[in-house]
Amino acid sequence: MNKRNSLSLAGKLTVAALLVAVAGIVIQIVSGVDYPTVPPGIVILLVAAGVVAFGPWRWAPVAGVVVGLFLLVGFFASGASARLLDSSQLGGFAGTWVQFLAVIVAVVAGIFAIVQNYRTRS
């Protein structure tokens, strides 16, 4: 009863959005935004995308929602949100917007995926 058959469209969108958020972080790093040697955001997003994509459990999309909310809170708490309005460094500006929007999509799509997984009974 706790297993799912295949990844729903919302689940696929959740995984895609998490991977696009990783791309946003990579854009920021390449553009010279200060990040640790091993960026925890990339690791966290990739693990969550793996759980959502390959986890056999119906609750697997919860990982995408939790990670997305965690990153959104951290985004504002760390002051990174200032880069959303500072277009003087174009790469950091664009990468921040890509990451920010992708994380929002991941949260919304993840919620839909959870609902779909629990409405669909096999």
Side-chain angles (χ1 to χ4, degrees):
M1 270 296 164
N2 289 331
K3 295 191 179 208
R4 62 183 173 155
N5 291 330
S6 64
L7 200 57
S8 66
L9 179 61
K12 291 175 186 173
L13 182 58
T14 304
V15 172
L18 291 169
L19 296 177
V20 169
V22 169
I25 293 174
V26 171
I27 291 168
Q28 292 173 63
I29 292 170
V30 170
S31 300
V33 173
D34 190 28
Y35 265 90
T37 305
V38 178
I42 290 178
V43 174
I44 292 167
L45 286 164
L46 289 175
V47 168
V51 169
V52 176
F54 303 113
W57 318 281
R58 280 202 245 171
W59 56 262
V62 169
V65 174
V66 169
V67 164
L69 292 173
F70 174 76
L71 288 177
L72 283 174
V73 168
F75 187 74
F76 289 103
S78 71
S81 58
R83 285 195 303 268
L84 289 173
L85 303 174
D86 180 18
S87 61
S88 63
Q89 186 184 16
L90 185 60
F93 176 74
T96 302
W97 272 104
V98 168
Q99 179 189 0
F100 181 67
L101 294 174
V103 167
I104 291 171
V105 170
V107 169
V108 173
I111 291 169
F112 278 104
I114 294 165
V115 170
Q116 282 181 343
N117 286 349
Y118 278 94
R119 281 193 177 168
T120 306
R121 301 281 178 180
S122 51

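Computed from heavy atoms alone, side chains included, the values below leave out hydrogens, waters and symmetry copies.
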What verdict does the side-chain contact (heavy atoms from CB on, under 4.5 Å) test give for Val33 and Ile25, after you've listed the backbone C-alpha separation in whole Å, the side-chain angles of each residue and the deciding distance to 0.1 Å?
CA-CA 9 Å; Val33 173; Ile25 293 174; over 6 Å; no
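Between atom CD of residue Gln99 and atom CD1 of residue Ile42 there is a gap of 9.0 Å, rounded to the nearest 0.5 Å. Atom CH2 of Trp57 sits about 13.0 Å away from atom CG of Asn117, to the nearest 0.5 Å. Ile27 CD1 to Thr96 OG1: the interatomic distance, rounded to the nearest 0.5 Å, is 9.5 Å. To the nearest 0.5 Å, atoms CG (Asp86) and OG (Ser81) are separated by 11.5 Å. Summarising the geometry, atom CD belonging to Gln116 is positioned 9.5 Å from atom CG belonging to Leu7; distances are rounded to the nearest 0.5 Å.
Smallest separation of non-hydrogen atoms from Ala113 and Gly11: CB-N, 3.6 Å. Across all non-hydrogen atoms, the minimal contact from Ala49 to Val15 is O-CG2, 3.9 Å. Residues Ala17 and Ala106 approach most closely at CB-N, 3.6 Å, considering heavy atoms. Nearest heavy-atom pair, Gly110 versus Pro61, reported as atom, atom and distance to 0.1 Å: O-CB, 3.8 Å. Ala63 approaches Val51 most closely through the heavy-atom pair CB-CG1, 3.8 Å. Summarising the geometry of Ser31 relative to Gly91, their closest heavy-atom pair is OG-CA, 3.0 Å, with the distance given to 0.1 Å.
Looking at heavy atoms from C-beta onward, Val107 lies out of side-chain contact with Val67 at the 4.5 angstrom threshold. Inter-residue side-chain proximity for Leu46 and Leu19 is flagged as met; some heavy-atom pair is nearer than 4.5 Å. For the pair Leu18 and Thr14, the minimum side-chain heavy-atom distance is below 4.5 Å. Contact annotation: the side chain of Val108 never approaches that of Val65 to less than 4.5 Å [non-hydrogen atoms, C-beta and beyond].
Hydrophobic clustering (ILVMFWY, side-chain heavy atoms < 4.5 Å, transitive): Val47 and Val20 are in distinct clusters. In terms of hydrophobic clustering, with Ile, Leu, Val, Met, Phe, Trp and Tyr side chains grouped at heavy-atom distances under 4.5 Å, Val22 and Val103 are assigned to a common cluster. Both Ile114 and Val66 are assigned to one and the same hydrophobic cluster, defined by single-linkage of ILVMFWY side chains at heavy-atom distances under 4.5 Å. Hydrophobic clustering (ILVMFWY, side-chain heavy atoms < 4.5 Å, transitive): Val62 and Leu9 are in distinct clusters. Under the 4.5 Å side-chain contact rule for hydrophobic residues, Val98 and Leu84 do not share a cluster.
At most 12 non-hydrogen atoms from other residues, nucleotides or ligands lie less than 6.0 angstrom from CG of Asp34. Heavy atoms from other residues, nucleotides or ligands lying under 6.0 Å from CZ of Phe70 number 12 at most.
Ring pair Phe100/Phe75 is parallel by interplanar angle, where below 30° counts as parallel and above 60° as perpendicular. Using cut-offs of 30° and 60° for the angle between ring planes, the Trp97 and Phe93 rings count as perpendicular.
Judged purely by distance below 3.5 Å, without hydrogens or angles, the side chains of Gln89 and Arg83 never pair a donor atom with an acceptor atom.
Looking at Ser87, its side chain never comes within 3.5 Å of a backbone N or O of Leu90 through a donor-acceptor pair.
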